[in-house]
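Notes to accompany the following structure.
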Amino acid sequence: MSEAVIEKVDNDGVVRLTINRPQALNALNSQVLTALEKELTELESHPSLRAVLITGAGEKSFVAGADITEMREKTPEEARAFAGQALRTIKRLETLPVPVVALVNGFCLGGGCELALACDWAVASDNAIFGQPEVLLGVIPGFGGTQRLPRRVGPAMALDLCTTGRKIDATEALRIGLVNRVMPQAELEAYADELTKQLMGNGPMAVRGAKQAIHDGMDQDLGSALALETSLFALCFASDEQTEGMSAFVEKRKPSF
C-alpha cells in the first residue's frame, strides 16, 4: 500500500494535517488535493474540533507549489478544472469554524503560499522561503494568490510579488504581515505543542465566535460588523461555557471547558 499523501493526527480536537510528499517537496497534485479535501470535509462535522494545524513533511518544504509535472501538458479547460479543485479545497480550509494555523517549514511557494494564505495565521521557521513565482512559468497564480495575498499584505506588495516572481525570506514575510511569527526550525514543534495547550485552555464556543466575527465582519460595513459582534457576544451568555469561564475567574481557578 502506498504511503498516505495526507497524514492526520488528532490531539483531543486539535488536528494536525501533514502534506506528505517530501520527495516532491510536498507539491500539490490532484491526488493531494483530493485527499486534503476528503480530510477537510470530515473535519467540518468533527464533533469536538478545536483547531487545525497544517504543515509539510520534512524540513525542506511546507509546499513548494503546484505540481508542474502534472500541469505542464494541461489544456485551458483542464487547467480551469485543476484550479477549481484547488480553490474548492482551499476554501474548505479557510471556512472551517476553528482557528487554522500554517506551520511553514522551508519552501512556501506558489500553491503553497496560497494554501498558507487560506489559514488564519502562519508561523514560519527561519529557513522558510515565500513567493508567488508563477510568472516565471508563464502563468499567474491560480489558487487564490491574486486575491488573498493583497488582502493580507496590501495590493502594492502583492503586485510586487506576483509580477516579479521574486522570493522573500521569513524575515521579510514577517515585516509585510504574511506571517505572524518566525522562529528557529528546531522550535517550530515546541510552538505547535504550546499553541495546542493554549487553545485547549480557551472556551471552544468563544474561539469559534471570535473567528466568525472577524471573518464575516470583514465583508461588512463597520456598523453591521459591530451588530454581528454584539449578537455573537450575547449568544455566549446562553452557554455553560460562559458560566464556567466567569465562575472560574471569580473563584480564582482554571476553567474546565
Side-chain angles (χ1 to χ4, degrees), residues 5-6 17 19 21 24-37 40 54-56 60-96 100 102-122 124 127-180 215 218-219:
V5 293
I6 303 292
L17 299 175
I19 298 171
R21 291 187 73 208
L25 297 178
N26 304 316
L28 301 176
N29 61 8
S30 299
Q31 181 188 12
V32 171
L33 291 171
T34 297
L36 182 57
E37 184 175 19
L40 294 173
I54 187 163
T55 192
K60 293 182 178 180
S61 181
F62 173 71
V63 171
D67 193 317
I68 307 303
T69 302
E70 179 178 339
M71 285 196 300
R72 66 188 298 266
E73 300 295 339
K74 288 188 182 297
T75 66
E77 285 308 308
E78 289 170 340
R80 182 186 298 273
F82 184 53
Q85 180 188 20
L87 288 170
R88 184 177 64 247
T89 301
I90 289 173
K91 186 66 174 179
R92 285 192 181 278
L93 183 70
E94 184 176 50
T95 57
L96 285 173
V100 179
L103 303 175
V104 179
N105 44 324
F107 294 116
C108 185
L109 303 172
C113 192
E114 290 164 309
L115 185 68
L117 285 167
C119 298
D120 293 308
W121 73 86
N127 72 330
I129 300 293
F130 297 83
Q132 298 286 169
E134 288 87 349
V135 290
L136 302 176
L137 303 172
V139 298
I140 70 170
F143 295 178
T146 64
Q147 304 307 309
R148 289 191 178 93
L149 187 60
R151 286 167 169 81
R152 182 72 63 89
V153 304
M157 184 57 69
L159 277 162
D160 176 346
L161 294 174
C162 289
T163 61
T164 67
R166 73 182 181 93
K167 302 174 182 65
I168 62 174
D169 62 18
T171 300
E172 186 170 359
L174 179 64
R175 181 182 65 79
I176 67 175
L178 184 54
V179 302
N180 292 58
H215 274 254
M218 289 292 290
D219 295 326

Can you see which heavy atom on [X] is nearest to which on [Y], and at what distance?
{"X": "Leu136", "Y": "Gly165", "answer": "CD1-O, 3.9 Å"}
{"X": "Gly144", "Y": "Leu87", "answer": "N-CD2, 3.6 Å"}
{"X": "Ala158", "Y": "Val153", "answer": "N-CG2, 3.9 Å"}
{"X": "Gly106", "Y": "Asn127", "answer": "N-OD1, 3.4 Å"}
{"X": "Ala27", "Y": "Val63", "answer": "CA-CG1, 4.4 Å"}
{"X": "Ala124", "Y": "Ala170", "answer": "CB-CB, 4.4 Å"}

Side chains of [X] and [Y] in contact at under 4.5 Å (non-hydrogen atoms):
{"X": "Leu28", "Y": "Thr89", "answer": "no"}
{"X": "Ile140", "Y": "Cys162", "answer": "no"}
{"X": "Asp120", "Y": "His215", "answer": "yes"}
{"X": "Leu178", "Y": "Leu117", "answer": "yes"}
{"X": "Ile168", "Y": "Ile176", "answer": "yes"}
{"X": "Leu137", "Y": "Met71", "answer": "no"}
{"X": "Thr34", "Y": "Val5", "answer": "no"}
{"X": "Val100", "Y": "Glu94", "answer": "no"}

Measure the [atom1]-[atom2] distance between [X] and [Y] for me, rounded to the nearest 0.5 Å.
{"X": "Leu36", "Y": "Leu17", "atom1": "CG", "atom2": "CG", "value": "6.5 Å"}
{"X": "Asn29", "Y": "Glu70", "atom1": "CG", "atom2": "CD", "value": "5.0 Å"}
{"X": "Glu114", "Y": "Leu149", "atom1": "CD", "atom2": "CG", "value": "9.0 Å"}
{"X": "Arg151", "Y": "Arg148", "atom1": "CZ", "atom2": "CZ", "value": "9.0 Å"}
{"X": "Glu37", "Y": "Ser30", "atom1": "CD", "atom2": "OG", "value": "11.5 Å"}
{"X": "Leu93", "Y": "Arg88", "atom1": "CG", "atom2": "CZ", "value": "14.0 Å"}

Restricting to pairs with a member in residues 62-83, which pass ring-ring contact (aromatic ring centres under 6.0 Å, His included), not counting sequence neighbours?
->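 Qualifying pairs: Phe82-Phe143.
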
Exam field: side chain Ser61 to backbone Asn26, donor-acceptor pair closer than 3.5 Å =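 Not at all, since once roles are kept as given, no pair shorter than 3.5 Å links the two residues.
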
Got a sec, which pairs hit side-chain hydrogen bond (donor to acceptor under 3.5 Å, both in side chains) with one end in residues 130-139, sequence neighbours left out?
-> Gln132-Glu134

Take Thr163 and Val135 through the test side-chain contact (heavy atoms from CB on, under 4.5 Å) and record every step on the way to the result.
-> CA-CA 7 Å; Thr163 61; Val135 290; 5.6 Å; no

Among Glu78, Arg72, Glu77, which one satisfies side-chain contact (heavy atoms from CB on, under 4.5 Å) with Lys74?
-> Glu78

Would one find more than 12 heavy atoms of other residues, nucleotides or ligands at under 6.0 Å from atom CZ of Phe107?
-> no

